2 protein chains.
Amino acid sequence: MVASKRAKRAKRITIADVAREAGASVATVSRVLNGVDTVAPGLAERVRSAMDDLGYRPSAAAQGLARGRSGTIGVLVPDLANPYFHDIIKALSAVARSAGGRVLVMDSNEDPAVERELTEDLLRYADGLLLCSPRMPRADLAAMAGRGTPLLVTNRQVQGLALHSITVDFFRGIMALCGHLARLGHRRVLYLEGPRHAWANGERLRALSGAEAFGLDVVTLPCGSTTDEGYAVAPAALESGATAVIAYNDFVALGVLARFSELGVRVPDDISLTGFDEIDMARFAAPPLTTVAVPRDRLGQAAGEALGRIMAGGEDIEPETIPVELRVRSSTGALS
Amino acid sequence: MVASKRAKRAKRITIADVAREAGASVATVSRVLNGVDTVAPGLAERVRSAMDDLGYRPSAAAQGLARGRSGTIGVLVPDLANPYFHDIIKALSAVARSAGGRVLVMDSNEDPAVERELTEDLLRYADGLLLCSPRMPRADLAAMAGRGTPLLVTNRQVQGLALHSITVDFFRGIMALCGHLARLGHRRVLYLEGPRHAWANGERLRALSGAEAFGLDVVTLPCGSTTDEGYAVAPAALESGATAVIAYNDFVALGVLARFSELGVRVPDDISLTGFDEIDMARFAAPPLTTVAVPRDRLGQAAGEALGRIMAGGEDIEPETIPVELRVRSSTGALS
DNA sequence: CTGAAAGCGCTAACAG
DNA sequence: CTGTTAGCGCTTTCAG
């Protein structure tokens, strides 16, 4: 026989091939594949060996279509490079995996428009969706919430929308930070603001104004969420007259710290500094950063479980709030 | 009519629903959906509005099955938390997106067994696969390479296997680092080894022994790839008698730096230190880290393009090697 | 315990 | 330009 025309796309091996090879019906193959029913041990064995003789690999698309669900849960994050989201994803993946599912991650690059688009796309693939810290306008969220989409949102609360959510207790975190600073004698603190549209930023501001009731003087400076932005804003921070600065998160704090160090400003002797989130690097900074630990793995796990319930048609899922914990290290000190 | 039994799973809206609503055939709907053919403007418009009136969302599974491809490319990384891979993923996603596709990421958690399993799983979903720095045994790789799987591997070269790969020029990177150190007068350097099974580690060692030919004395210490490991090995590094330490990567270097700082060891006055990869944090360290920049976005883009060619049935893809660049900062200094 | 056959939602010829 | 109609690979009744 003439050699097949090269590059002759090796036809996909299907369940029918396996059935033929094993001398069984496709139904039977499907059964052993799904570990269901009671297939005669002998037959099952033949099927199994036929499967790996042929290197059979079930088509996810076909299974998904036939089953009516993909076994995939989608996750949309604003920035994959942020370790904050890794831990969430990891924990979520673990939950999904233990249920025979998997996670499909996408990165919206902090762009609300892309976010909306990807959400739509993700929904075509996944059975349920986790939106991490979504920046998209309320209206978009509302549109999805309406259609009974299996959606779960983290780090954002949307008033008056039937939207399941899990949030972190940023409020308490900031209060703890403020209390700590106040006990050290600080009276005037500077808050470096996070991204404009981040709910987390709003929460922090809300808490901060609460702290003012306790006699703490709070000034703010627009900044952002990255090390670069922290580095850039550091000189201005110095001029605020505050004796302590509360950075939006650890990245910002690290940037501030780097700049301070270059400027010869000593932390905490000259000025105290705090972060938020407790990323790994926080404790390796010089000095190690006082920050607020957010149990992201717990968040991820809770999200996985909640989504499971939601997709199972579960009604009334309780909104959850994950507690945080103050981590005092040496970037904060008593006012001399 | 009696209220429908609650939780009555809202039936999926299909192309048929849209067709009916728009008074067209499914074929026509499919056409406007795919932007193909020439559909009468009026009809197309009716279809389109029917689509969003109904909130229609094409099923990825059905499309995938019918088309015979999913438009998805899979990526497997050993650790999502490593920024090294983000940039690759981001660049790859961009390539995929611009071709109407998307990327499905999974994390093997540095476990070769999981790696193999996930690879298999990923292949059921994706049209092609990018294996980043795979740790799995050669035999496993060989098994896949055989079946003509559209596979691309980065950061690992496998002798005698028909496996497409894109690698980074670690060899040159280490040589550049050694040359730099030698010019500063260093004669005895310590290399902190990376993960046992990482091809990248082997390459670095190979380069290091090449450097010995130039009169550089190289000693090594097992370490790893994380900040923690760097932190832990730092004291031992001090006892090696070396005047400069070459850390496996920036993370390790950062850990070493943190410990040195605690120990009162000054960098580079007392000892020089280098990293590898140039992660963001490298330039914010105190002192900023001398390191080797790896153009990860380029790697990701190249990978995307190569995979495109491979999946298109392209024969003989040239193995590519991405060049690196030395970044001299202040963590290295002349020997006093 | 096993097989036949009807879809799952969509695409892609193939006819009009 | 538009509609009909086979499949895509797998699951799942429904008979046997």
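A, B, ... follow the sequence lines: proteins, then strands. Residue 1 opens every chain. Keep in mind the model is a prediction, meaning the values are calculated, not measured.
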*asked:* On the nucleotide C:dT2, are OP1 or OP2 found under 4.0 Å from the side-chain N or O atoms that A:Thr28 carries?
replied: no
*Between C:dG7 atom C1' and A:Arg67 atom CZ, what is the distance in whole Å?*
16 Å
_Can you measure A:Arg20 atom CZ to D:dG9 atom P for me and round it to whole angstrom units?_
12 Å
*Five pairs at each end of the helix from C:dC1-D:dG16 to C:dG16-D:dC1: take the axis at both ends and give me the angle between them to 10°.*
40°
*asked:* Just the rounded figure in Å: distance from C1' of C:dG9 to CG of B:Leu54.
replied: 15 Å
_Selection from D:dC1, D:dG9, C:dC10 that lies nearest to any side-chain heavy atom of B:Tyr56_ = C:dC10
*How close or far is atom P of C:dC10 from atom CG of B:Leu33, stated in whole angstroms?*
8 Å
*Looking only at side-chain atoms of B:Thr38, point me to the closest of C:dG9, D:dT11, D:dC1.*
D:dC1
*Could you pick out which residue, B:Ala62 or B:Ala44, lies toward the 5' side of DNA chain D when each is mapped onto its nearest nucleotide?*
B:Ala44
*Does the pair A:Arg135/A:Asp140 count as a salt bridge with the N-to-O cut at 4.0 Å?*
no
*asked:* Just the rounded figure in Å: distance from C1' of C:dC1 to CZ of A:Arg46.
replied: 13 Å
*Please state how far atom CZ in B:Arg69 lies from atom C1' in C:dC10, giving the value in whole angstrom units.*
13 Å
*asked:* Base, sugar-phosphate or nothing for A:Ser30? Non-hydrogen atoms, less than 4.0 Å.
replied: base
*Got a salt bridge between B:Glu120 and B:Arg124, using NZ or NE/NH1/NH2 to carboxylate O under 4.0 Å?*
no
_Minimum-distance nucleotide (side-chain atoms of B:Leu65 versus D:dC8, D:dC10, C:dC1)_ = D:dC8
_Without decimals, in angstroms, what is the distance between A:Gln63 CD and D:dT11 C1'?_
9 Å
*From C:dT11, C:dT2, D:dT11, pick the nucleotide closest to the side chain of A:Ile15?*
D:dT11
*Give the minimum heavy-atom separation between B:Leu141 and B:Val158, together with the two atoms involved.*
CD2-CG2, 3.9 Å
_Spacing between B:Asp17 atom CG and C:dC10 atom C1', to the nearest angstrom_ = 13 Å
Under 3.5 Å, N/O pairs linking protein and nucleotides 13-16 of chain C:
none

*Within less than 4.0 Å of OP1 or OP2 of D:dT2, is there a side-chain N or O belonging to B:Ser25?*
no
